[in-house]
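Just so you know, these numbers use all the heavy atoms, side chains as well, and skip hydrogens, waters and symmetry mates. Positions are given from 1 along the sequence. What you are looking at is a predicted structure, and each value in this text was computed from that prediction instead of being measured. Both ligands and their constituent atoms are indexed starting at 1 by order of listing.
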Amino acid sequence: MASQSAPLIEWDEVLALGDEAIDRQHKGLAAIINELHSHRDSPDRDAQVMRCLTSMYLYAKEHFWDEEAFMDRVGYPDRAEHATLHCEFVQKTHDLTDHCLTDASPCEELLDFLLTWFRTHVAVEDAKLVAFAKGRGSAG
Ligand SMILES: [Fe+2]
Ligand SMILES: [Fe+2]
């Protein structure tokens, strides 16, 4: 019987920031990354990786756009630094995707990066933004 591996990103209270729209989008991103993880050993891995990453790029672009507009609305003082982190994520993911596909190697480096990014950017950087907005009474 084929075993179903655990999802890479388990949703928990550290990731739930308490802003409904942002949390919903983060869950969507986690679901795409988990799907990518589930296909890492598929016979048609490259096609699945490309499909999942295309979805992830589109979803991340929309999410970053919304999050940066949210920062503008609440007057977040670290907006520029935060937006730079979003750009770096897109660039790094792009580079690791190239490695993953051109070297025909496992996607572990890419998956490790995505997991670490989720656990640091969402749980730390995005959490600071939501805490700031709540402090100004503008979250939700
Ligand atoms: Fe985010
Ligand atoms: Fe962010």
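Counting only N and O atoms by type, the side chains of H82 and E67 include a donor and acceptor under 3.5 Å apart. Counted by atom type alone, Q48 and R45 present zero donor-acceptor pairs between their side chains at under 3.5 Å.
Every residue was checked against the side chain to side chain donor-acceptor pair (under 3.5 Å) condition with D41, not counting sequence neighbours, and none meets it. Applying the side-chain contact (heavy atoms from CB on, under 4.5 Å) criterion to K61, with sequence neighbours excluded, gives no partner residue. Residues satisfying the side-chain contact (heavy atoms from CB on, under 4.5 Å) test with R119, not counting sequence neighbours, are D12, V14, L15, L115.
Note on the Fe ion (ligand 1): protein N, O or S atoms under 2.8 Å away count 4, no waters included.
When the side chains of ILVMFWY residues are joined at heavy-atom separations under 4.5 Å, either directly or via intervening members, W65 and Y59 end up in two distinct hydrophobic clusters.
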